[in-house]
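A quick write-up on the structure given underneath.
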Amino acid sequence: MKLNKVKLGNQGLVIPNIGLGCMGMTGFGDADMYGKSDEKEAIATIHRSLELGGNFLDTADLYGPFKNEQLIAKAIDGNRDKYIIATKFGWEIDDNKQVTWRINGSKDYVKKSVERSLKNLKTDYIDLYYMHRLDKNIPIEETVGAMSDLVKEGKIGYIGLSEVSSETVKRANKVHPISAVQSEYSLFERTVEERGVIQTLNELEIGFVAYSPLGRGFLSGNIKTIDDIPENDFRRGIPRFQEAHFYKNIELVKAIETMAKEKEITPSQLALAWIISKGIIPIPGTKRRKYLEQNIEASTIILTDSDIQKLENIVPLGTDTGATYDEFGMGLLDY
Ligand SMILES: NC(=O)c1ccc[n+]([C@@H]2O[C@H](COP(=O)([O-])OP(=O)(O)OC[C@H]3O[C@@H](n4cnc5c(N)ncnc54)[C@H](OP(=O)(O)O)[C@@H]3O)[C@@H](O)[C@H]2O)c1
């Protein structure tokens with residue numbers, strides 16, 4: 001299959017129009033992100049993705065911590081140059097590999113983090129390096145200034161930011177051109193659109209990467225009751241998956257499923273094709289080849305204007321599907 005290639009930002013980065021989110025391939029400490037993962041199948045998924053033209057991988061030092069980058073190193077061994085690797089820093093991880101749950105955007109921490117990620121990924125360059133969250137105690141100019149030094153040193157190719165406001169992007173872009181912003185975006189989560197971030201990115205020619213494009217699996221239609229979410233699963237702590245919102249959201253998923261059935265595609269494919277129709281790059285996360293193949297196929301589905309309208313009537317902009325993080329996590333977003 002030939003995937004469409006697109007420019008991400010205006011600094012020269014070219015990627016396929018869909019990426020592979022790797023976060024769920026490793027757990028977090030003792031907890032699972034989205035159910036049990038199997039290293040062999042995860043690595044096979046990364047290899048299959050490359051075969052299909054899907055060479056844009058998304059990870060972060062936080063995932064594991066470090067285990068995810070290490071898994072990717074194993075998977076891409078001998079083929080580094082064929083992949084485009086995006087990783088992230090900013091959640092502070094101490095020298096004992098403990099996450100402190102503070103955000104650190106200081107110059108020193110940027111420099112320390114990149115060396116650690118390079119080592120864990122077993123590479124001498126990172127294609128796209130994101131600031132995972134804004135450090136509200138450090139001017140963005142300091143953080144991006146340090147990232148700019150890494151570009152000059154050849155340690156990273158391009159600079160990205162995650163979950164930032166229009167104001168922060170504008171300030172950052174004055175220090176060094178930003179190639180991509182990554183934030184949560186799906187039929188269930190359109191805050192960046194409501195806050196004008198997407199418009200700012202278009203004006204500044206910065207690419208937008210949509211994380212959790214399947215609403216962390218909600219939009220796949222595979223989750224029917226709260227009990228379908230394993231006990232030790234990250235989603236149990238997210239209001240969107242809790243009693244107050246869950247059953248309302250399920251009704252929306254059912255309507256999306258009906259529409260997908262009519263089009264003879266899966267609900268996940270419909271949710272991804274909708275994102276791609278907007279010129280946005282989704283990075284659906286999966287740890288199995290079966291889903292990966294379906295997701296990559298979604299990148300070739302073309303929706304008509306009336307399909308898009310129909311979907312947006314099912315979940316209109318502004319629909320309250322519940323918060324995407326607990327209170328602590330919401331407090332770290334820059335909105
Ligand atoms: N910047 C940030 O702060 C941030 C935050 C969260 C995530 N991310 C990145 O974004 C990536 C994607 O987001 P995400 O993984 O959180 O959520 P997601 O892509 O919305 O959903 C992942 C879930 O959907 C399931 N799934 C995937 N494809 C499917 C298909 N075709 N049919 C049925 N189910 C399917 C996966 O199942 P299996 O796991 O069983 O395959 C997994 O449970 C992550 O991997 C990570 O790299 C970034």
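Whatever order the structure lists ligands and atoms in, that order sets their numbers, starting from 1. Remember, predicted model here, so these are calculated numbers, not experimental data.
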query: So which protein residues pack against ligand 1 under 4.0 Å, heavy atoms counted?
result: G21, C22, M23, Y34, D58, Y63, K88, H132, R133, S162, Q182, Y211, S212, P213, L214, G215, R216, G217, S220, N222, R235, S268, I283, P284, G285, T286, K287, R288, Y291, Q294, N295, Y325

field: Under the side-chain hydrogen bond (donor to acceptor under 3.5 Å, both in side chains) test, residues paired with N222 that sit two or more places apart
entry: Y291

When you check the gap from the basic side-chain N to the acidic O, do [X] and [Y] get nearer than 4.0 Å?
X: K254; Y: E251; value: yes
X: E41; Y: K287; value: no
X: K278; Y: E312; value: yes

Any pair counted as ring-ring contact (aromatic ring centres under 6.0 Å, His included), so long as it reaches residues 169-214, sequence neighbours left out: Y185-F208, Y185-W274, F188-F218

Pairs satisfying ring-ring contact (aromatic ring centres under 6.0 Å, His included), at least one member in residues 306-330, at least two apart: none

